[in-house]
Amino acid sequence: MLLFGVGVVVNRNPVASALCLVVSFVGLASLFISLDAHFLGIIQILVYTGAVMVLFLFIIMLLDLKEEARRALNAWAVAGGAVVALCLVGTLLHVLGTFPKGEATLPPLVVPEGQTYEDTKALGTLLFTEYVFHVQVIGLLLLGATVGVVALSKKEASK
Amino acid sequence: MGTLNGYLLVSGLLFTIGLTGVMVRRNIIIIFMCLELMLSAANLTLVAFSRFGLVNGLPNHHGQLLVFFTITVAAAEVAVGLAIIVALYRAKQTVHVEDLKSLGG
């Protein structure tokens, strides 16, 4: 998964980059499922590798970006990126090395006798009781995004 | 893997890859993909902590709902961002950020 994440950055061709991103997201979804978050794993695959990546590929095809593959990299940007990456990895290793709780292995789930763990049911219950206001806000946000996208593309089309 | 540190390490490395990509690459679409990578890395951290911080023997569902909302917002953000990129491309005929200097003065 991390390998394909690197592939996103390294690949010159945007289509190959996008496909690497798909594989990386599928790996991430499998990690979610390994953490017993089945609902989120499925949502990750549906939303990211389904909707978002189709959108990315569609835009890449629409703009026809093949010819942009060759261009010299900015040396300062590469150096800065490498320095920041090294600093982040160093900080990460230091913090994780001094985090004793991080050694915990996966604790077993406690479910009542004769029942199985249903995270979708639990999440849905919580979503429509305690978080119902948030759901409405998100709905409004999605509506706003839809209207905004239509407005953005319409203005350009009428030019 | 299987320990909390393992998941956090993967998440941190994924975030680092995304950040490096944003800094190094000059293609705005790839920068956008790297942003998605960073968002997903943060999601992995949330899910890992929700699974390891059990509440009454069950994962902390509030953390997982935060991930759900994040994914929703990220999807909306991708749609709007790509629309902006298309509009930009129509105006400037480029997706390279170094060619976009009209705000630089």
Side-chain angles (χ1 to χ4, degrees), chain A residues 2 5-6 8-9 14 17-18 21 24-25 28 31-32 35-37 40 43-44 47 51-52 55-56 59-60 62-63 65 68 71 73-74 77-78 80-81 84-85 88-89 92 96 99 101-107 109-110 119 122-123 126-127 131 134 138 141-142 145 148-149 152-153 156, chain B residues 2-5 7-10 12-21 23-27 29-30 32-34 36-37 40 44 47-48 50-52 54 56-59 61-62 64-65 67-69 71-76 78-80 82-87 89-91 95-96 98:
Chain A
L2 288 173
V6 173
V8 176
V9 179
S17 238
L21 193 60
S24 188
F25 278 155
L28 199 67
L31 277 187
F32 281 179
L35 284 166
D36 288 312
L40 286 178
I43 285 289
Q44 171 89 8
V47 172
V52 168
L55 216 57
F56 266 117
I59 296 298
I60 290 171
L62 188 72
L63 302 186
L65 295 179
E68 313 240 6
R71 185 178 285 213
L73 283 171
N74 186 343
V78 176
V84 167
L88 260 176
V89 171
L92 187 71
L96 290 187
F99 184 49
K101 279 185 182 171
E103 299 302 325
T105 49
L106 218 57
L109 294 177
V110 182
D119 70 325
L123 283 181
L126 205 58
L127 192 64
Y131 285 93
H134 304 69
I138 285 287
L141 175 78
L142 285 177
V149 169
L152 267 175
S153 18
E156 289 301 317
Chain B
T3 64
L4 177 55
N5 267 349
Y7 286 103
L8 293 184
L9 185 67
V10 169
L13 287 180
L14 202 60
F15 188 89
T16 311
I17 291 169
L19 186 61
T20 314
M23 292 190 67
V24 171
R25 293 306 301 262
R26 285 291 162 261
N27 187 330
I29 291 189
I30 299 202
F32 213 57
M33 289 184 203
C34 291
E36 294 305 308
L37 221 51
S40 300
L44 179 60
V47 176
S50 100
R51 178 64 179 80
F52 281 89
L54 294 184
N56 298 328
L58 292 177
H61 288 126
H62 296 270
Q64 298 200 1
L65 273 182
V67 174
F68 176 76
F69 286 126
I71 290 177
T72 321
V73 173
V78 167
V80 176
L82 284 176
I84 291 177
I85 289 176
V86 170
Y89 187 80
R90 284 193 183 141
V95 288
H96 278 266
E98 281 165 355

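Side-chain atoms are counted along with the backbone in the values below, which use heavy atoms only and exclude waters and symmetry mates. Residue numbering restarts at 1 for every chain, and letters A, B, ... go by the order of the sequence lines.
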Rounded distance (nearest 0.5 Å) linking atom CG of A:Leu62 with atom CZ of B:Arg90: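 Separation between the atoms: 6.5 Å.
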Approximate separation, where rounding is to 0.5 Å, of A:Ile43 CD1 and B:Thr72 OG1: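 Spacing of CD1 (A:Ile43) from OG1 (B:Thr72) equals 7.5 Å.
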What pair of heavy atoms forms the shortest contact from [X] to [Y], and how long is it?
{"X": "B:Leu13", "Y": "A:Leu92", "result": "N-CD2, 3.9 Å"}
{"X": "A:Ala122", "Y": "B:His61", "result": "CB-CE1, 3.4 Å"}
{"X": "A:Leu152", "Y": "B:Val80", "result": "CD1-O, 4.1 Å"}
{"X": "B:Met33", "Y": "A:Ala18", "result": "CE-CB, 3.6 Å"}
{"X": "B:Ile29", "Y": "A:Leu63", "result": "CD1-CD1, 4.1 Å"}
{"X": "A:Val52", "Y": "B:Ala75", "result": "CG2-CA, 4.4 Å"}

Using a 4.5 Å cut-off on heavy atoms from C-beta on, say whether the side chain of [Y] contacts that of [X].
{"X": "B:Leu44", "Y": "A:Leu35", "answer": "yes"}
{"X": "B:Thr20", "Y": "A:Val84", "answer": "no"}
{"X": "B:Leu8", "Y": "A:Phe99", "answer": "yes"}
{"X": "A:Ser24", "Y": "B:Leu37", "answer": "yes"}
{"X": "A:Ile59", "Y": "B:Tyr89", "answer": "no"}

With a 4.5 angstrom heavy-atom cut-off, could you sort out which part of [X] is near chain A: side chain, backbone, both or neither?
{"X": "B:Ile30", "result": "side chain"}
{"X": "B:Leu54", "result": "side chain"}
{"X": "B:Leu19", "result": "side chain"}

What part of [X] lies closer than 4.5 angstrom to a heavy atom of chain B: side chain, backbone, both or neither?
{"X": "A:Leu21", "result": "side chain"}
{"X": "A:Ala51", "result": "neither"}
{"X": "A:Leu55", "result": "both"}
{"X": "A:Leu123", "result": "both"}

Side chain to side chain donor-acceptor pair (under 3.5 Å) partners for B:His62, two or more places apart: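 Listed in chain order: A:Tyr131.
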Largest heavy-atom contact set with chain B, pairs under 4.5 Å, which of A:Leu40, A:Val47, A:Leu28: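 Sorted descending by pairs with chain B, the first entry is A:Leu40.
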